[in-house]
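See structure below.
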Amino acid sequence: MKIEDFEIIKLETVDSTNDYLKRLVKKGESKPKIVISDIQTNGKGTKNRSFVSEKGGIYLSILLPYFDASFITPMTAVAVSDTIDKFATEKTKIKWVNDIYLKNKKVCGILCESVYSDFCDKPFIIVGIGINLFKPEKDFAAKIKNIAISIFDYEDKAVKERFVSLLINNFLFYFNGLDKKTFLEKYRNNNLVIGKRVKVFYDNKEREGIAVEVDSECRLKVKFSESEEKLLSSGDVILKK
Ligand code: BTN
């Protein structure tokens with residue numbers, strides 16, 4: 001796909017850019033779209049959490065017609081990570097599975113969802129990306145202040161335009177190579193959790209182990225003991241000190 005295939009919608013404020021696209025799909029819209037908002041009043045994170053979305057961030061969602069989206073989250077993480085690396089003073093790391101970290105703090109979260117409509121028998125895919133580009137005017141909200149970081153301290157419209165443009169280019173570059181998994185090497189080699197002690201949550205269990213590697217299917221291999229390890233396809237990971 002190329003940028004000309006997308007309708008681009010710019011908003012000042014919206015509840016959630018993912019939900020905005022879902023509503024369009026439900027109404028029968030099918031053309032690929034990119035929606036970007038300065039603020040979200042009801043930003044959504046994974047696991048039904050909220051995503052603080054103050055002015056200063058980039059809140060962007062991409063609507064794509066159906067495809068096998070198994071690797072869309074790791075692929076998007078690599079596209080975002082590449083983009084931030086062109087602007088930030090330090091290199092980012094990807095925290096399996098869908099967060100980007102800069103200087104050991106979260107700078108971006110990704111939420112991919114599928115949505116059905118009455119007008120099409122296959123679901124559409126929505127890729128939602130939230131990036132702390134600039135620090136909010138009054139700093140981050142108390143609940144994320146210690147864990148969040150922005151790329152820049154002060155807002156600059158020209159920087160934002162260049163950033164969004166490169167982000168979309170990088171996304172399309174890796175999206176067009178998704179069948180060949182062109183994102184994979186970077187995803188495997190640039191993961192924050194590898195070699196670290198982690199607490200993982202899966203199948204309603206909470207366990208501690210060492211994150212050993214990300215495999216070619218983007219699963220996280222966690223070793224619990226000499227004789228027991230598990231490949232996780234999804235789940236939550238907390239880094240232990
Ligand atoms: C997470 O960190 O748990 C994922 C956060 C994803 C946030 C983005 S911002 C754009 C899009 N719209 C939303 O409501 N969520 C995603």
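In listed order, ligands and their atoms are each counted from 1. Computed from a prediction, not measured in an experiment: that's the story for all the values here.
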Ala88 and Leu102 have their tightest heavy-atom pair at CB-CD1, 4.0 Å
Side chains of Asn98 and Thr73: any donor to acceptor distance under 3.5 Å?
no
- Message: Are there over 12 heavy-atom neighbours, none belonging to Asn189, within less than 6.0 Å of that residue's CG?
- Response: yes
In this structure, atom 15 (N) of ligand 1 is nearest to the protein heavy atom Lys44 O, 2.7 Å
min-distance protein heavy atom vs atom 10 (C) of ligand 1 -> Thr17 OG1, 3.2 Å
Going by the 4.0 angstrom heavy-atom rule, the piece of Asp99 near ligand 1 is side chain
Rounded to the nearest 0.5 Å, the CD1 atom of Ile58 sits from the CD1 atom of Ile36 at a distance of 5.5 Å
Ligand 1 atoms nearer than 4.0 angstrom to some heavy atom of Leu111 are 6 (C)
Under 4.0 Å between heavy atoms, the region of Lys47 that gets near ligand 1 turns out to be neither
> What do the steps show when you test Tyr116 against Phe124 for ring-ring contact (aromatic ring centres under 6.0 Å, His included), and what is the final call?
Replying inline: CA-CA 6 Å; Tyr116 283 90; Phe124 289 84; 9.2 Å; no
Under 4.0 Å between heavy atoms, the region of Arg49 that gets near ligand 1 turns out to be neither
*Same hydrophobic cluster for Ile131 and Phe140, using side-chain heavy-atom links shorter than 4.5 Å among ILVMFWY?*
no
Inset, instruction - For residues Tyr154 and Phe134, establish whether the separation of their ring centroids is below 6.0 Å. - result: no
The single option from Lys26, Lys27, Lys31, Lys33 that satisfies side-chain hydrogen bond (donor to acceptor under 3.5 Å, both in side chains) with Glu29 is Lys33
So the atoms of ligand 1 within less than 4.0 Å of a heavy atom of Gly45 turn out to be 1 (C), 3 (O), 4 (C), 5 (C)
of all protein heavy atoms, closest to atom 5 (C) of ligand 1 is Phe51 CD1, 3.4 Å
Looking only at protein heavy atoms, what sits closest to atom 3 (O) of ligand 1 is Thr46 N, 2.8 Å
Ile129 heavy atoms within 4.0 Å reach ligand 1 at atoms 8 (C), 9 (S), 10 (C)
Ligand 1 to Gly43, heavy atom cutoff 4.0 Å, flagged ligand atoms 14 (O)
Atom 9 (S) of ligand 1: closest protein heavy atom, distance to 0.1 Å, is Gln40 NE2, 3.4 Å
### Task
Return a yes/no value for Tyr59: is any of its N or O atoms, backbone included, closer than 3.5 angstrom to an N or O of ligand 1?
no
Is Phe51 close to Lys44 at the side-chain level, that is, under 4.5 Å between some pair of heavy atoms?
no
One finds that the ligand 1 atoms under 4.0 Å from a non-hydrogen atom of Leu60 are 10 (C)
Exercise. So does Lys196 have more than 12 non-hydrogen atoms from other groups sitting under 6.0 Å from NZ?
Worked result: yes
Exercise. According to a 4.5 Å side-chain heavy-atom criterion applied to Ile, Leu, Val, Met, Phe, Trp and Tyr, with indirect links allowed, do Tyr20 and Val115 form part of one hydrophobic cluster?
Worked result: yes
The closest protein heavy-atom partner of atom 2 (O) of ligand 1 is Lys106 NZ, 2.5 Å
Answer yes or no: does an N/O atom from Asn42 fall short of 3.5 Å to an N/O atom of ligand 1? no
Below 3.5 angstrom, do we get any N/O pair linking Asn98 and ligand 1?
no
